[in-house]
Visitor: 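The structure follows.
Keep in mind that what you see is a predicted model, and the values were worked out from it rather than measured. This chain uses plain numbering: 1 for the first residue, then up along the sequence.
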Amino acid sequence: TEDGSFNSRTVYDGSGTPVDFTYQQVTNDLTLEQALLMPLTFLFNDRHPYNWHTNGSNSLWSYNGEKTPYDPSPEGWKIPESGSGTNSPWYGYSVGNGSWNSLGGMLFDGNTYYPATGVRRYLNGAFYDVAQRGYAWSATGYGSQALCLGFGPTSVTIDMTAYRGNALPVRCVKEDD
């Protein structure tokens, strides 16, 4: 809900079973190693740079084009790296070649669907923009932020920046052979 309450949405795993998440406000001194010990805890930070761990590494999911052990994708897949223009994995996505549906989501080129999941906010863990806007992380850091896809019924941004403390979905791509 807009009041920031955590009980406003139920989150499900891939088999449809509800998942119990806990919530913990962190400070800027939480290490990656400490965060890894809490996989079902939504960590939020209301202090700049609004990250969930101390070292906002630009190579957490990808290093020199190679998948790292921290990339959440299954074997053979990875989170795509991004950039501006033709360097974006979403280059060519636009409202012109996308179709917004009544459930809240965008179908690009008639075959690639992205749901409008909204965002879980870095400041307090609340859900915002569910069924109104959608996002997908890339593996590319951008200062204290990271690049992502952002879209809604009337706009598509292929190189949007967002604070890393936000919970956005990921969309894996097949690794090069």
Side-chain angles (χ1 to χ4, degrees), residues 9 11 14 32 35-36 39 42-45 48-123 125-177:
R9 305 254 189 249
V11 178
L32 178 59
L36 289 172
F42 182 81
L43 304 171
F44 62 95
N45 186 349
H48 195 270
Y50 310 115
N51 206 339
W52 50 268
H53 74 93
T54 306
N55 178 13
S57 172
N58 284 338
S59 57
L60 182 62
W61 289 342
S62 178
Y63 183 73
N64 289 334
E66 297 295 321
K67 178 179 175 172
T68 72
Y70 302 112
D71 182 315
S73 307
E75 188 173 335
W77 297 80
K78 67 179 183 176
I79 304 303
E81 292 184 75
S82 190
S84 295
T86 58
N87 293 325
S88 169
W90 305 290
Y91 178 72
Y93 284 14
S94 69
V95 172
N97 71 357
S99 162
W100 186 261
N101 71 25
S102 62
L103 298 176
M106 185 77 81
L107 181 67
F108 292 102
D109 295 325
N111 63 9
T112 307
Y113 181 74
Y114 284 83
T117 57
V119 60
R120 190 154 229 182
R121 292 292 304 260
Y122 63 89
L123 288 173
F127 288 94
Y128 287 94
D129 290 338
V130 174
Q132 297 172 20
R133 292 201 48 81
Y135 305 90
W137 278 127
S138 80
T140 305
Y142 188 82
S144 64
Q145 299 181 333
L147 294 175
C148 64
L149 168 69
F151 63 89
T154 61
S155 66
V156 176
T157 306
I158 63 169
D159 55 1
M160 183 177 165
T161 59
Y163 286 114
R164 298 170 196 212
N166 286 313
L168 306 181
V170 295
R171 185 68 171 255
C172 308
V173 296
K174 190 151 182 64
E175 287 189 272
D176 297 329
D177 293 328

Visitor: Looking only at non-hydrogen atoms, find the nearest pair between Val95 and Thr154 and report the distance.
Guide: CG2-C, 3.4 Å
Visitor: Output yes when a side-chain donor or acceptor of Asn166 lies under 3.5 Å from a complementary backbone atom of Leu168, and no otherwise.
Guide: no
Visitor: Quick one: closest heavy-atom pair of Val119 and Tyr135, and the distance?
Guide: CB-CE1, 4.1 Å
Visitor: Provide the closest heavy-atom pair for Ala167 versus Phe42 in the form atom of the first, atom of the second, distance.
Guide: CB-CE1, 3.4 Å
Visitor: Report the C-alpha distance between Leu43 and Tyr122 in whole Å, list the side-chain angles of each, state the deciding distance to 0.1 Å, and finish with yes or no for side chain to side chain contact (heavy atoms under 4.5 Å, CB included).
Guide: CA-CA 8 Å; Leu43 304 171; Tyr122 63 89; over 6 Å; no
Visitor: Tell me if a side-chain donor or acceptor on Ser144 pairs with a main-chain N or O of Pro49 at a distance below 3.5 Å.
Guide: no
Visitor: Give the C-alpha distance, both sets of side-chain angles, the deciding distance and a yes or no for side chain to side chain contact (heavy atoms under 4.5 Å, CB included) between Thr161 and Leu147.
Guide: CA-CA 5 Å; Thr161 59; Leu147 294 175; 3.7 Å; yes
Visitor: Any sub-3.5 Å donor-acceptor pair from Asn45's side-chain atoms to Gly165's backbone N or O?
Guide: no
Visitor: Return the CZ to CH2 distance between Arg164 and Trp137, rounded to the nearest 0.5 Å.
Guide: 8.0 Å
Visitor: When you measure from the side chain of Asp71 to the backbone of Ile79, do you find a donor-acceptor pair of N or O atoms at a distance under 3.5 Å?
Guide: yes
Visitor: Would you indicate whether the side-chain heavy atoms of Tyr93 and Phe151 approach each other to under 4.5 Å?
Guide: no
Visitor: Counting only heavy atoms not in Gln132 (residues, nucleotides, ligands), do more than 12 fall under 6.0 Å from its CD?
Guide: yes
Visitor: When rounded to the nearest 0.5 angstrom, what distance separates CG in Leu32 from CH2 in Trp52?
Guide: 5.0 Å
Visitor: Should Val156 and Trp90 be marked as a side chain to side chain contact (heavy atoms under 4.5 Å, CB included) after you check the CA-CA gap, both sets of side-chain angles, and the distance that decides it?
Guide: CA-CA 10 Å; Val156 176; Trp90 305 290; over 6 Å; no
Visitor: Nearest 0.5 angstrom please: Arg121 CZ to Tyr163 OH, how far?
Guide: 10.0 Å
Visitor: Check Arg171 against Pro80 and note the closest heavy-atom contact, atom names and distance.
Guide: O-CD, 3.3 Å
Visitor: Within a radius of less than 6.0 Å around OH of Tyr113, do more than 12 heavy atoms belonging to other residues, nucleotides or ligands occur?
Guide: yes
Visitor: Work out which heavy atom in Trp100 is nearest to a heavy atom in Ala116; give both atom names and the distance.
Guide: CH2-CB, 3.6 Å
Visitor: Looking at every non-hydrogen atom in both residues, tell me the closest pair between Glu81 and Ser138 and how far apart they are.
Guide: C-CB, 4.4 Å
Visitor: Using modelled atom types and a 3.5 Å cut-off, is there a donor and acceptor pairing between side-chain atoms of Lys78 and backbone atoms of Glu66?
Guide: no
Visitor: Could you measure the distance from the CE atom of Met160 to the CD atom of Gln145? Nearest 0.5 Å is fine.
Guide: 9.0 Å
Visitor: Are side-chain heavy atoms of Trp61 and Ser73 found at a separation under 4.5 Å?
Guide: no
Visitor: Quick one: does Ser99's side chain have a donor or acceptor within less than 3.5 Å of a partner on Leu107's backbone?
Guide: no
